[in-house]
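To start, the structure itself, in structure tokens.
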There are 2 protein chains.
Amino acid sequence: MSDVARIAGVSVSTVSRALSGASGVSAATRAEIKRIAGELVYTISPDASRLATGQTRRVAVVVRDTETWFYYAILGAIEPVLRSAGYDVLFYRVSSEAERDAFFDELPARRNVDAVILVAVPLSNEQVERLGDMAVPIVIAGSWIDHYTSIHIDETRAARQAMNHLIQLGHRRIARIGITDPEGDPWQPDAGRDAGYRAALEASGIDFDPQLNVRMEFSLDGGARAMDQLLSLDEPPTAVFAFSDEVAIGAMRSLRRVGLHVPGDVSIVGVDDHPMAELSDLTTVRQPVREMGTHAARLVIDTLGGNTVEGNVELSTQLVVRGSTASPRGLQWRS
Amino acid sequence: MSDVARIAGVSVSTVSRALSGASGVSAATRAEIKRIAGELVYTISPDASRLATGQTRRVAVVVRDTETWFYYAILGAIEPVLRSAGYDVLFYRVSSEAERDAFFDELPARRNVDAVILVAVPLSNEQVERLGDMAVPIVIAGSWIDHYTSIHIDETRAARQAMNHLIQLGHRRIARIGITDPEGDPWQPDAGRDAGYRAALEASGIDFDPQLNVRMEFSLDGGARAMDQLLSLDEPPTAVFAFSDEVAIGAMRSLRRVGLHVPGDVSIVGVDDHPMAELSDLTTVRQPVREMGTHAARLVIDTLGGNTVEGNVELSTQLVVRGSTASPRGLQWRS
DNA sequence: CTGTTAGCGCCTTCAC
DNA sequence: GTGAAGGCGCTAACAG
């Protein structure tokens with residue numbers, strides 16, 4: 001910077017002001033300084049200005065994994081919003097329990113970012129307590145924690161939308177494929193959908209059968225294995241409510257393998273509205289993932305801008321009926 | 001840090017040494033200092049130490065998009081390697097031409113990271129020239145640029161593996177679904193596969209038909225639309241070599257929609273070995289994406305560690321035959 | 001509008 | 001093994 005100042009014949013303060021866009025510099029000087037800086041391919045040292053201002057201009061985005069649609073879709077929505085507001089995105093992935101432990105043990109984000117976005121990361125109670133030690137604003141996307149700003153869907157309602165659709169079609173023996181919670185701590189999205197599943201059954205006077213409520217790893221394979229397990233029951237389900245479209249598609253594969261048809265033999269509903277859902281003709285409960293991401297990013301920006309921010313945003317979901325659901329064999333559609 | 005020093009009754013230099021793991025501190029003092037730091041939930045200010053050392057301990061990972069398997073899979077592989085080596089991952093997504101222009105115009109990574117990993121980002125010639133201005137080591141993953149360290153597959157060979165499989169099955173009328181290059185500049189992965197496609201045809205004495213060589217947007221939809229286009233030809237292909245599994249799955253959807261069967265009516269081969277490929281029973285050319293990611297990360301770490309590094313790593317691909325390919329109707333398998 | 005003067009919080013010689 | 005002093009490159013008052 002001193003080079004630029006010398007060549008321009010001004011002080012470094014002026015250069016700093018000119019380049020940072022601060023007011024108090026004549027247009028002419030600013031232009032000249034910018035020209036020279038451009039010629040020298042000079043860029044302000046972010047770290048030095050961070051040290052001086054105390055602002056990192058960085059936001060941490062913490063995701064549970066990268067291979068599940070929900071996470072990469074939301075990451076893709078968050079990044080441009082943050083970037084256009086001048087924030088760098090620091091990317092953290094905490095897939096395993098061990099990685100989460102390490103993350104909360106070392107707090108690599110501490111003093112390293114201005115804010116943190118936690119994207120549906122399953123947290124133990126101790127980890128929730130550690131959140132406070134980060135000493136920066138925290139926004140939760142895709143799940144929620146008391147006393148923290150969050151944006152998410154009504155999981156229970158989403159589950160009911162799916163379930164009511166199946167029940168209305170005449171299904172009585174409806175399974176749910178959920179997600180294993182990593183360490184026994186309840187993970188809200190799954191817990192919420194579980195609650196919705198049970199509530200819908202109860203509202204229709206259908207007995208809850210624990211054998212039909214299975215949990216598996218969050219992946220295509222998990223869905224396939226869960227379906228295998230359900231098919232091995234004495235009385236298999238006629239319909240399945242899957243945690244996500246990926247899980248649902250995995251389940252469909254298992255059905256195809258044993259020669260069962262969707263929806264002829266088994267109906268399936270997912271959640272997400274994954275791009276693949278349309279191609280697989282999968283009925284699903286659409287959740288506004290991109291909107292969740294951009295909104296979360298805006299919440300962060302607003303908070304850092306000194307504005308107060310709504311504490312708990314709930315986005316609505318929508319049933320998308322496609323070809324993977326129908327009335328069970330021998331039953332008529334009872335509209 | 002001065003707090004810790006005061007409480008511990010030592011100087012800040014000692015605290016710095018103790019916490020940074022530098023030698024020259026007695027084990028006892030170090031332990032005591034660490035204890036106190038832990039108690040105070042004190043963390044070294046990364047920016048201050050960056051300023052002092054001149055190292056950012058950050059690496060930029062630049063991807064073309066987040067919704068394509070190749071990119072998020074490789075990102076998932078890169079992150080843990082970098083993190084365990086003590087580097088933060090700065091995430092940049094440059095989907096559109098405009099974003100790429102902005103990225104190379106502002107060089108947000110300049111002076112902001114110790115190294116850059118470019119993941120198969122399509123670059124214009126001017127942008128390639130700008131790379132030098134970043135003034136940090138650059139590693140290319142999934143494509144290559146002269147004079148830069150890169151890791152990638154032999155795209156031409158991958159295409160030939162797919163094509164030879166189809167040709168051996170007896171197909172003569174084989175289409176290729178490629179990817180549109182954003183600004184007319186050749187994008188190596190597509191160009192390489194195009195070359196392999198043509199070479200394989202020529203080697204078998206099959207005439208190249210430009211109508212069969214289409215390019216579309218890189219997505220499920222792109223694949224579907226490309227297939228629609230191919231089906232509208234007077235003489236549609238009996239086999240398709242798709243740029244990726246996602247493109248291939250999109251194409252399969254189009255076929256299903258018009259009642260055509262895979263592989264009965266049309267055979268399809270993809271590239272990647274996407275998790276969905278197995279579920280879709282899709283024949284594909286597997287590329288080692290995770291390995292590419294971890295290797296790219298290691299190349300960065302080695303380079304920053306002061307080691308010289310191989311300039312151009314080529315990983316091999318492997319044909320995975322599944323159920324989406326068969327001999328064309330009326331022809332026998334000629335093994 | 002512009003220059004001067006202090007730090008921001010840490011690391012790094014250099015002495016002791 | 002430990003402390004003191006200087007500086008990394010920038011920003012933020014405060015003068016002028």
Side-chain angles (χ1 to χ4, degrees), chain A residues 1-37 40-58 86 88 107-114 135-136 304 306, chain B residues 1-37 40-58 86 88 106-114 135-136 304:
Chain A
M1 179 174 253
S2 55
D3 289 346
V4 179
R6 190 162 13 80
I7 297 179
V10 295
S11 72
V12 287
S13 335
T14 305
V15 176
S16 170
R17 283 188 277 252
L19 261 31
S20 71
S23 63
V25 194
S26 72
T29 341
R30 187 188 300 263
E32 174 64 2
I33 289 174
K34 285 199 169 172
R35 198 188 55 70
I36 295 175
L40 268 51
V41 196
Y42 167 81
T43 315
I44 281 185
S45 157
D47 290 316
S49 70
R50 278 158 193 156
L51 183 56
T53 60
Q55 302 224 321
T56 68
R57 304 296 305 177
R58 253 174 269 138
D88 279 330
L107 292 184
R110 175 141 223 276
R111 296 238 262 162
N112 204 4
V113 294
D114 293 336
V136 291
L304 293 179
Chain B
M1 182 173 252
S2 54
D3 289 346
V4 179
R6 190 162 13 81
I7 296 180
V10 295
S11 71
V12 287
S13 333
T14 305
V15 176
S16 170
R17 283 189 274 253
L19 261 30
S20 72
S23 62
V25 196
S26 73
T29 347
R30 186 188 300 263
E32 175 63 2
I33 289 174
K34 285 199 168 171
R35 197 186 57 70
I36 295 175
L40 268 50
V41 195
Y42 168 81
T43 316
I44 280 185
S45 158
D47 290 316
S49 68
R50 279 157 192 156
L51 221 212
T53 59
Q55 302 225 322
T56 69
R57 305 292 311 175
R58 255 175 267 136
D88 279 330
E106 301 160 14
L107 292 185
R110 174 142 223 275
R111 294 240 263 163
N112 205 4
V113 294
D114 294 335
V136 292
L304 293 179

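Note on naming: letters A, B, ... go to the chains in the order of the sequence lines (proteins, then strands), and numbering restarts at 1 for each one.
- For C:dC10, the OP1/OP2 oxygens have a side-chain nitrogen or oxygen of B:Y42 closer than 4.0 Å.
- Across the protein-nucleic acid pair, A:R50 atom CZ and C:dC10 atom C1' stand 16 Å apart, rounded to whole Å.
- The nearest whole Å value for the distance from the CE atom in B:M1 to the P atom in C:dT12 is 11 Å.
- D:dG7 atom P lies 16 Å from atom CG of A:L51, rounded to whole Å.
- Taking every side-chain heavy atom of B:V10 into account, D:dG3 is the closest of D:dT11, D:dT2, D:dG3.
- Nucleic acid contact class of A:G24 (heavy atoms, under 4.0 Å, all strands): base.
- If A:A48 and B:G9 are placed on DNA chain D by their nearest nucleotide, the residue sitting closer to the 5' end is B:G9.
- Side chain of A:R111 to backbone of B:T43: a donor-acceptor contact under 3.5 angstrom is found.
- Comparing A:S26 and A:R111, the nucleotide of DNA chain C nearest to each residue sits closer to the 5' end for A:S26.
- A:Q55 has its CD atom 12 Å from the C1' atom of D:dT11, to the nearest Å.
- Between the CZ atom of A:R57 and the C1' atom of D:dT11 there is a distance of 14 Å, given to the nearest Å.
- Here D:dT11 presents its C1' atom at 9 Å from CZ of A:R17, a figure rounded to the nearest Å.
- Closest approach to the A:T14 side chain among C:dT12, C:dG3, D:dC10 is made by C:dG3 (side chain taken as heavy atoms from C-beta onward).
- For the salt bridge (charged side-chain N to carboxylate O under 4.0 Å, His left out) with A:D88, the lone residue among A:R57, A:R58, A:R50 that qualifies is A:R50.
- Taking only side-chain nitrogens and oxygens, B:S13 never comes nearer than 4.0 Å to OP1 or OP2 of D:dT2.
- In this structure, B:I33 atom CD1 and D:dG1 atom P are separated by 13 Å, rounded to whole Å.
- Going from atom CZ of A:R6 over to atom P of C:dG3 covers 15 Å, rounded to whole Å.
- Rounded to the nearest 0.5 Å, atoms OG1 (A:T14) and CZ (A:R17) are 5.0 Å apart.
- Put simply, CZ on A:R30 and OG on A:S23 are 7.5 Å apart, with the number rounded to the nearest 0.5 Å.
- Candidate nucleotides D:dG7, D:dA12, D:dC10 were compared by shortest atom distance to the side chain of B:A52, and D:dG7 ranks first.
- Side-chain nitrogen and oxygen atoms of B:T29 include at least one within less than 4.0 Å of the OP1 or OP2 phosphate oxygen of D:dT2.
- In this structure, the nucleotide among C:dC11, D:dC14, D:dA4 sitting nearest to the side chain of B:S11 is D:dA4.
- Side chain to side chain, B:S16 and B:S13 fail the donor-acceptor criterion of an N or O pair below 3.5 Å.
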